[in-house]
S.K.: 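Structure in structure tokens, see below.
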Amino acid sequence: MELKKGDRVEDLQNGYSIIQNDEYFSFGTDAVLLSHFAEIKGAEQVVEFGTGCGIIPILLAAKKTGAHITGVEVQAELAKMAARSVKMNGIDCIDIIHADIRSIRDYLDYGVDVVVANPPYEKADAGKHNDNRFKNIAKREIMCTLNDVAQAAVKILRTGGRLYMIYRTERLAELIACLSKNKLEPKRIRLVAQQLGSAPNFVLVEARKGAKQATEVMPTLYVYNSSGKYTDEVKRIYHIEEKE
């Protein structure tokens, strides 16, 4: 496949590769952890909000469940790049659509089994803005708020359908309140800390549409061990052994 200016191809160590470009927001550990946390069962219909470069659909496809995955991206340039990665890998079970989740029912029908979302973590007016509009949209609630995610998910999920998200712990209370308000009850929560002894900075959440209140709090996931190397669990998630 012909690459565009600034493109590079990264090996995902799972049989697939992905196109990255520094002009856009590159994927990080949070996307990898979310893809691992999301439980996909058989030939389910899965939708990811804000797919960016397409990393999460590709990682979910690597699970070989037979699911069909639709990545939704509001920025046309990123949607095209994600589609090129899907085509490059020859993955038939992924569709990428250029769409705004705030009008998701114009693009997708009700009855989806799973929604996955790694939304912007920061308020629109938080901190110093980046001059790069792509990175601003990825990081801040300019075109997608937390409530937008919850409202869009509940519109397309079947009753009992699942929403998987990763979010900053500093907004955990807001996240739980928003999900519950939109009839998406948190069923599993897992905190993520960079290292043993450090405070968690991310939270992984599974919520179900129309479920009863009952939440399992899982053991904390640590990214690095005391030596500053990936923990054994994170090595397994990445499908690689860390080089000494």
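The first residue of the sequence shown is numbered 1, and numbering continues consecutively from there.
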S.K.: Is there side-chain contact between V47 and F49, with heavy atoms separated by less than 4.5 Å?
M.R.: yes
S.K.: Per the side chain to side chain contact (heavy atoms under 4.5 Å, CB included) rule, which among D100, T51, I101 passes with V74?
M.R.: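 In the set D100, T51, I101, the residue that makes a side chain to side chain contact (heavy atoms under 4.5 Å, CB included) with V74 is D100.
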S.K.: Would the distance check show the side chain of E44 and the main-chain N or O of K41 forming a donor-acceptor pair, the cut-off being under 3.5 Å?
M.R.: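 Checked: pair present.
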S.K.: Do N182 and N147 meet the criterion of a side-chain donor-acceptor pair at a distance under 3.5 Å?
M.R.: yes
S.K.: One pair to check against side-chain contact (heavy atoms from CB on, under 4.5 Å): K229 and Y224. What are the steps and the verdict?
M.R.: CA-CA 5 Å; K229 298 181 182 298; Y224 299 102; 5.9 Å; no
S.K.: Going by the rule side-chain hydrogen bond (donor to acceptor under 3.5 Å, both in side chains), which residues pair with E39 if we only count those two or more places apart in sequence or in a different chain?
M.R.: none
S.K.: Could you list the residues that satisfy side-chain contact (heavy atoms from CB on, under 4.5 Å) with K80, not counting sequence neighbours?
M.R.: none
S.K.: Relative to F202, does R168 satisfy both conditions: NZ or CZ under 6.0 angstrom from the six-membered ring centre, and within 45 degrees of the ring's axis?
M.R.: yes
S.K.: Please find the pair of heavy atoms, one from S198 and one from A193, that lie closest to each other, and give the distance.
M.R.: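 The pair with the smallest heavy-atom distance is O-CB, 3.7 Å.
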S.K.: Check whether R190 reaches the backbone of P219 with its side chain - one donor and one acceptor, N or O, closer than 3.5 Å.
M.R.: yes
S.K.: Is the ring pair Y24/F134 parallel, tilted or perpendicular, if the boundaries are 30 and 60 degrees?
M.R.: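 The rings of Y24 and F134 stand perpendicular, inter-plane angle above 60°.
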S.K.: Check K187 with E185, please: is the shortest side-chain N to carboxylate O separation under 4.0 Å?
M.R.: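 Salt bridge: no.
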